[in-house]
Amino acid sequence: MGYAMALNLVKAGYEVVVWNRSPAKCDALAAAGAQVAATPAEVVACCDITLAMLSDPEACLAVATAPDGAAAAMAPGKGYVDVSTVDAATAAAVAAAVRSAGGAYLEAPVSGSKGPAEQGQLIFLSAGDKQLFEAAAPLLEVMGKASFFLGDVGAGANMKLVVNMIMGSMMASWAEGLSLAKQCGLQQSDLVEVVKLGAIACPMFALKGPTMAEGQYAPAFPLKHQQKDMRLALALGDEMQQELPLAAAANELYKRARAAGYSDSDFSAVMEAVAKKD
Ligand SMILES: NC(=O)C1=CN([C@@H]2O[C@H](COP(=O)(O)OP(=O)(O)OC[C@H]3O[C@@H](n4cnc5c(N)ncnc54)[C@H](OP(=O)(O)O)[C@@H]3O)[C@@H](O)[C@H]2O)C=CC1
Ligand SMILES: O=CC(=O)O
């Protein structure tokens with residue numbers, strides 16, 4: 001995700017400085033014109049606005065707060081926009097680290113996968129410092145098709161978790177439907193066509209159905225990240241005393257798929273947790 005988003009900024013003519021824990025992954029961006037930094041702090045030192053796209057809460061905290069992390073070089077006039085999918089507590093901890101160094105903080109997790117990231121069609125779910133949201137708007141416009149400002153720190157994280165909890169349950173349900181169709185002798189391709197025409201038509205079903213029917217799960221949204229989002233959404237449900245029985249059941253399927261070795265496959269590989277073995 002970070003690669004596609006940074007590449008779009010380079011193509012739009014911005015001076016982009018990149019850092020990644022595994023440095024080789026910066027090579028293609030360097031070839032496209034980006035400058036490569038040695039640490040997150042070096043990125044922040046060079047830039048007015050720093051974007052972070054990282055896997056999970058642990059990664060976000062590490063990159064923000066390590067001795068050579070982003071907060072170490074934060075200063076008044078600089079902004080930190082964390083576009084990773086994390087929980088509100090992590091967003092608050094990163095915001096505190098950035099703000100205590102005088103910087104501004106915006107969380108802006110994205111809805112939309114690898115394709116929308118490449119096409120500049122992401123949806124940003126932002127919260128935090130409104131002035132930074134406004135300052136970063138031209139960048140978000142390059143990378144996305146819509147940007148929401150949802151309020152104080154945590155609101156963007158919570159919105160993203162609600163959205164991805166729904167998506168995870170829908171994908172698990174779609175996997176069950178495709179599997180049941182096959183077991184009763186129906187063509188899965190017919191199910192895809194029928195659903196496409198009716199009231200439960202859904203771009204995700206149309207996009208993923210044909211590849212799921214073939215047992216192909218080339219990663220766009222890695223299954224380990226979907227399971228992380230289910231886990232974080234369920235924790236949010238506990239905190240809010242909101243029952244989430246469907247999401248809890250779906251989470252067990254994602255955990256089963258992870259245990260079966262599908263962590264780095266696309267999240268549609270949840271199919272393997274429900275498909276009856278021949
Ligand atoms: N893929 C998708 O379709 C979408 C993903 N998201 C969310 O975006 C985020 C990124 O997703 P995606 O790009 O697919 O994930 P990837 O797993 O491809 O990339 C994760 C990135 O995090 C880095 N990272 C992980 N742990 C650490 C750490 N401890 N310290 C420093 N860097 C670390 C990785 O570095 P390294 O290269 O060294 O491993 C890598 O750059 C996730 O939160 C995900 O839920 C949101 C919308 C869509
Ligand atoms: O977080 C994943 C997505 O597709 O959105």
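One-based numbering, in listed order, for ligands and for the atoms of each.
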Ligand 1-proximal atoms of M1, by part, heavy-atom distance under 4.0 Å: both
Contact summary for G128 and F149, nearest pair of heavy atoms: O-CZ, 3.4 Å
4.5 Å side-chain heavy-atom contact, [X] and [Y]:
X: I49; Y: Y14; answer: no
X: V192; Y: S189; answer: no
X: K78; Y: C47; answer: no

Can you find an N/O atom of [X] closer than 3.5 Å to an N/O atom of ligand 1?
X: M53; answer: no
X: D56; answer: no
X: A59; answer: no
X: K25; answer: yes
X: V83; answer: no

Test item: protein heavy atom less than 4.0 Å from atom 37 (O) of ligand 1: yes
Distance flag for atom 19 (O) of ligand 1, protein heavy atom under 4.0 Å: no
Sub-4.0 Å heavy-atom contact, N164 with ligand 2: yes
Under 4.0 Å from a heavy atom of [X]: which atoms of ligand 2 are those, numbered in the order shown and with their elements?
X: K160; answer: 1 (O), 2 (C), 3 (C), 5 (O)
X: S113; answer: 4 (O)
X: M167; answer: 2 (C), 3 (C), 4 (O)
X: F221; answer: 1 (O), 2 (C)

Identity of the nearest option to atom 29 (N) of ligand 1, non-hydrogen atoms only, from R21, E58, K160, K224: R21
So, [X] side chain and [Y] main chain: donor-acceptor pair closer than 3.5 Å or not?
X: K182; Y: Q187; value: no
X: K130; Y: G151; value: no
X: E107; Y: G154; value: yes
X: R258; Y: S263; value: no
X: N20; Y: P23; value: no

Single hit among L244, D229, L236 for side-chain contact (heavy atoms from CB on, under 4.5 Å) with M165: L244
Of the protein's non-hydrogen atoms, which lies at the shortest distance from [atom], and what is that distance?
atom: atom 48 (C) of ligand 1; answer: G112 O, 3.0 Å
atom: atom 16 (P) of ligand 1; answer: H225 NE2, 3.7 Å
atom: atom 14 (O) of ligand 1; answer: P222 CD, 3.7 Å
atom: atom 21 (C) of ligand 1; answer: S55 N, 4.0 Å
atom: atom 23 (C) of ligand 1; answer: L54 CD2, 3.9 Å

Audit row: N164, Q226, side chain to side chain donor-acceptor pair (under 3.5 Å) steps and yes/no: CA-CA 7 Å; N164 273 32; Q226 176 64 76; 4.8 Å; no
Mark up the atoms of ligand 1 that fall under 4.0 Å of a heavy atom belonging to [X], in ascending order.
X: N20; answer: 35 (O), 36 (P), 37 (O), 38 (O), 40 (C), 41 (O)
X: A220; answer: 1 (N), 2 (C), 3 (O)
X: K228; answer: 42 (C), 43 (O), 44 (C), 45 (O)
X: V110; answer: 46 (C), 47 (C)
X: K114; answer: 3 (O)
X: S113; answer: 2 (C), 3 (O), 48 (C)

Cationic N near anionic O, under 4.0 Å, R99 to D129: yes
Intermediate values then yes/no, side chain to side chain contact (heavy atoms under 4.5 Å, CB included), D82 and L106: CA-CA 6 Å; D82 196 332; L106 189 75; over 6 Å; no
Flag if over 12 foreign heavy atoms under 6.0 Å of CD, E15: no
Contact partition for H225 relative to ligand 2, non-hydrogen atoms under 4.0 Å: neither
Plane angle bin for F205 and W174 - parallel if under 30°, tilted between 30 and 60°, otherwise perpendicular: parallel
